[in-house]
Amino acid sequence: MKYAPIFITATNTNVGKTYTTLKLLEALSAKGLRVGVMKPIETGVLDVPLDATLLFETAKRFHPALAQLSLKEIVPYCFELPASPFVAKGRKKVSVEVLQKAYEKIASLCDIVLIEGAGGLLVPIEEDLYMYDFIRLFEAKTLLVGHDALGCINDILLNLHLLDSLGVEDYEWCVNFKEERESFDKITLPFLKKTFGRVLSVQDNMPLIVKSLVTNGDMNGDVL
Ligand code: GDP
Ligand code: MG
Ligand code: MG
Ligand code: MG
């Protein structure tokens with residue numbers, strides 16, 4: 001069974017994209033799916049690409065056939081400078097064809113592929129290519145991961161407005177409780193709950209997040 005890939009983005013770098021992707025990997029693998037991973041671009045890579053390596057090694061544990069791929073196929077572009085790809089790549093070009101081919105190869109071995117972005121949606125890659133373009137490029141559903149500290153309402157709303165204005169419909173958002181959980185309930189939850197009715201978190205609601213993002217188009221949207 002083939003499912004649309006999930007593009008994992010966040011309100012900022014270090015919010016928990018990799019962490020959330022690993023949780024999704026676990027949850028989907030437990031449902032019997034063959035799950036692939038991809039990190040199209042990783043920056044700040046001195047020696048090994050840390051995100052891609054962690055994703056790839058974990059994915060191989062659940063789906064050993066992925067071992068026929070190389071790390072380079074999981075992360076086609078690595079740049080040394082810890083900066084946006086636009087800056088970090090210098091004169092190199094990021095080719096969407098290369099990325100698409102890499103995705104197709106991973107997807108051919110899997111039921112679903114989890115694609116981790118770099119930074120957030122408005123991170124620049126080329127003059128005419130931003131991180132949010134990966135949603136359309138890979139025809140992916142999107143999971144926005146929000147941080148849980150003061151300011152997250154603004155950061156989450158900005159991202160949701162951007163997704164809406166881009167015409168992206170298949171997205172879900174959640175909060176990753178890294179450390180601010182108690183104060184979140186006090187200072188943030190009241191607004192988000194009133195506005196959205198519910199607030200999903202990586203910690204408590206992975207089954208609902210999966211249900212919301214993994215649907216089979218061939219079966220009239222039946223959820224997994
Ligand atoms: P990314 O840059 O958005 O991919 O963020 P990461 O997933 O790499 O998370 C950044 C750092 O925070 C890493 O050191 C993670 O191990 C840590 N981290 C992320 N989410 C959690 C969480 O929910 N709980 C804890 N304890 N650590 C977390
Ligand atoms: Mg982040
Ligand atoms: Mg990171
Ligand atoms: Mg990461």
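Computation of the quantities below employed the complete heavy-atom set of this structure, encompassing side-chain atoms and omitting hydrogens, waters and symmetry-equivalent molecules. None of the values given here were measured: they were computed from a predicted structure. Start at 1 and go down the list; that is how both ligands and their atoms are numbered.
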* Could you tell me whether K178 and ligand 1 have an N or O pair separated by under 3.5 Å? => yes

- V15 to ligand 1: N or O pair under 3.5 Å? yes

Looking at D51, the N/O/S atom that lies nearest to the Mg ion (ligand 4) is called OD2

To the Mg ion (ligand 4), the closest N, O or S atom belonging to E116 is OE2

For Q203, the ligand 1 atoms with a heavy-atom partner under 4.0 Å come out as 23 (O)

Nearest heavy atom to atom 1 (P) of ligand 1, choosing from E179, K17, K23, belongs to K17

Closest to atom 10 (C) of ligand 1 by heavy-atom distance, out of N14, D148, V202, is N14

Apart from L150 itself, members of its ILVMFWY cluster (side-chain separation under 4.5 Å) are I187

Would you check if L46 and E80 make a side-chain contact, meaning some heavy-atom pair closer than 4.5 Å?
yes

Contact region, N176 to ligand 1, non-hydrogen atoms below 4.0 Å, reads side chain

Quick look: E116 vs ligand 1, heavy-atom contacts under 4.0 Å, and the answer is side chain

Hits for salt bridge (Lys or Arg N to Asp or Glu O under 4.0 Å) against K72, two or more places apart or cross-chain, chain-then-number order -> none

Do N159 and Y132 have side-chain atoms, one donor and one acceptor, less than 3.5 Å apart? no

Would you say the side chains of K141 and T215 form a donor-acceptor pair under 3.5 Å?
yes

Looking only at heavy atoms, the pair that brings E73 and A102 closest together is O-CB, 3.8 Å

Exercise for review: Could you walk me through whether F138 and F7 pass ring-ring contact (aromatic ring centres under 6.0 Å, His included), step by step?
Suggested key: CA-CA 8 Å; F138 299 117; F7 177 69; 7.6 Å; no

Subject >> Presence of N, O or S from T18 under 2.8 Å of the Mg ion (ligand 4) >> reply: yes

